[in-house]
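Read the structure below first, then the notes.
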Amino acid sequence: MVNASLRYVLITPSRNEARFIEKTIDSVVNQTVLPLKWVIVNDGSTDATPEIVGKYLAYYNWIELVNRPIRKERHFAGKVEAFKAGLERVKELEYEIIGNLDADVSFDPDYFEFLLSKFTQDSRLGVAGTVFRELNGYNSAIDSFEGQTHVAGGCQVFRRQCFEEIGGYLPSKVGGIDWMAVKTARMVGWNTRSYREKFFLHYRALGTAERSVVASNFEYGKKDYILGGHPLWQMFRCIYRLTQRPYLIAGIALFAGYLTASVSRPERPVSPELMKFHRREQMLKLKTILSSLFRLKKVNNFELLPPEPHAARVSPGK
């Protein structure tokens with residue numbers, strides 16, 4: 001049944017996505033429940049991204065293209081500014097749900113109808129999404145320890161009230177903007193859920209835009225420290241990564257990145273409250289993993305934490 005009670009808007013920051021953006025556009029225009037508006041923000045692309053989007057504007061008046069100037073450096077703080085440019089274009093609209101959609105994904109025609117139904121069923125659901133797969137065989141439902149409480153950045157859908165309460169996306173050049181948004185929502189008491197019934201296909205391997213796999217893991221290690229990851233959890237994460245392709249070297253790069261950041265001690269974009277909350281959840285997950293291993297039971301990566309947050313409602317930090 002089509003859910004028409006919740007209106008939603010989409011914002012897509014895009015930079016040099018000519019290879020994949022048409023797959024995303026085709027997925028959105030074929031949805032059973034269409035967005036009230038979809039703003040695609042061309043964040044200074046030097047390829048054919050704006051031309052590809054432009055082909056669709058005459059056929060779908062609810063799609064808008066916003067062009068931003070070319071910038072030399074690719075970083076996640078720029079993505080936040082691009083998202084804000086899109087947000088400005090929907091500020092006068094009446095909607096209940098807002099989605100941040102990457103320009104290198106595709107999904108089923110009833111994808112957003114499915115997610116809207118989840119918001120209807122749970123009034124405390126603040127952020128929702130699904131698991132994702134990649135062409136290299138990666139499946140976030142089984143290959144990640146983020147689990148059901150984390151919503152992947154490729155498609156994050158927020159209840160508008162939740163998004164405004166957490167202050168939206170916070171700029172961070174090292175990344176983690178989507179992670180900070182979900183974790184903050186959870187910290188202040190909203191439910192956050194990633195569902196396995198649906199998935200989106202992600203066409204570029206995580207973190208490899210303009211970087212190699214090894215370089216990406218090094219940067220992920222640095223980011224783990226900067227975002228306040230617990231050292232014990234990081235040890236477990238690096239050991240596990242040694243067993244995944246590319247074997248050994250990716251885990252070593254992940255550890256080297258974390259170690260490098262722990263020595264240089266860069267400024268952290270997360271508040272002490274959020275870091276404390278994050279570390280507590282990591283230790284809960286590690287306790288669950290170790291308990292399963294000691295009992296010789298299979299570790300359920302996806303359900304290490306229950307969907308309800310482990311905290312009373314507090315005001316989000318900086």
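This is a predicted model, so every value here is computed, not measured.
- Residues passing the salt bridge (charged side-chain N to carboxylate O under 4.0 Å, His left out) test with Arg160, sequence neighbours excluded: Glu164.
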For residues 246-261, run the donor-acceptor check on the side chains, cut-off 3.5 Å, and write out each pair with its distance to 0.1 Å, sequence neighbours left out.
unit_1 : atom_1 : unit_2 : atom_2 : d
Tyr247 : OH     : Arg245 : NE     : 3.4
Tyr258 : OH     : Gly229 : O      : 3.0
Thr260 : OG1    : Ala256 : O      : 2.7

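- Note on ring orientation: taking the six-membered ring where Trp is involved, the planes of Phe114 and Tyr195 are perpendicular (angle over 60°, cut-offs 30° and 60°).
- Looking at residues two or more places apart in sequence or on another chain, you find a side-chain contact (heavy atoms from CB on, under 4.5 Å) between Arg89 and Val39, Glu64, Val66.
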Donor-acceptor pairs are to be reported for all side-chain atoms of residues 286-294 against protein atoms at under 3.5 Å, with residues two or more places apart or in another chain.
unit_1 : atom_1 : unit_2 : atom_2 : d
Thr288 : OG1    : Leu284 : O      : 3.0
Ser291 : OG     : Arg295 : NE     : 3.4
Ser291 : OG     : Arg295 : NH2    : 3.4
Ser292 : OG     : Thr288 : O      : 3.1

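- Through side-chain heavy atoms spaced under 4.5 Å, either directly or across other Ile, Leu, Val, Met, Phe, Trp or Tyr residues, Ile142 is tied to no other residue.
- With sequence neighbours excluded, the residues satisfying side-chain contact (heavy atoms from CB on, under 4.5 Å) with Ala185 are Val127, Cys162, Ile166, Trp190, Thr192.
- Shown here are the salt bridge (charged side-chain N to carboxylate O under 4.0 Å, His left out) partners of Lys198, two or more places apart in sequence or in another chain: Asp108, Asp110.
- A donor-acceptor pair is defined here as one N or O able to donate and one able to accept, closer than 3.5 Å; such a pair exists between the side chain of Asn42 and the backbone of Ser45.
- Checked against salt bridge (charged side-chain N to carboxylate O under 4.0 Å, His left out), Arg241 has no partners two or more places apart in sequence or in another chain.
- The backbone N or O of Ser27 sits nowhere less than 3.5 Å from a side-chain atom of Ser106 that would complete a donor-acceptor pair.
- The minimum heavy-atom distance between Phe83 and Ile98, with the atom names listed, is CZ-CD1, 4.1 Å.
- Under the ring pair (Phe, Tyr, Trp, His ring centres under 6.0 Å) criterion, His230 pairs with no residue, sequence neighbours left out.
- Aromatic rings from Phe107 and Phe132 are positioned such that their centres are separated by 6.0 Å or more.
- To the nearest 0.5 Å, the span separating CD on Gln234 from CZ on Arg237 amounts to 6.0 Å.
- Among all heavy-atom pairs drawn from Ile226 and Pro269, the shortest one is CG2-CD, 3.3 Å.
- Lys298 pairs by the salt bridge (charged side-chain N to carboxylate O under 4.0 Å, His left out) definition with nothing, not counting sequence neighbours.
- For the pair Leu34/Trp62, a side-chain contact is recorded, criterion being any heavy-atom separation below 4.5 Å from C-beta on.
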Got a list of side-chain donor-acceptor pairs under 3.5 Å for residues 51-60, not counting sequence neighbours?
unit_1 : atom_1 : unit_2 : atom_2 : d
Lys55  : NZ     : Glu22  : OE2    : 3.3
Tyr56  : OH     : Glu22  : OE2    : 2.7
Tyr56  : OH     : Asp26  : OD1    : 3.2

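- The existence of a salt bridge linking Lys91 and Glu88 is confirmed by a sub-4.0 Å separation between a basic side-chain nitrogen and an acidic carboxylate oxygen.
- Taking the ring centre of Phe145 as origin, the terminal cationic atom of Lys285 falls outside the region bounded by 6.0 Å and 45° from the ring axis.
- Applying the side-chain hydrogen bond (donor to acceptor under 3.5 Å, both in side chains) test to residues at least two apart or on different chains, the pairs with a partner in residues 139-159 are Gln156-Tyr169.
- The residues Glu281 and Lys183 are annotated as salt-bridged, a charged nitrogen and a carboxylate oxygen being separated by less than 4.0 angstrom.
- Between Phe200 and Tyr111, the two ring planes are perpendicular [angle over 60°; tilted spans 30° to 60°].
- Of the inter-residue distances, the one linking Thr120 atom OG1 with Glu96 atom CD reads 9.5 Å to the nearest 0.5 angstrom.
- Rounding to the nearest 0.5 Å gives a distance of 6.0 Å between OG1 of Thr24 and CG of Leu101.
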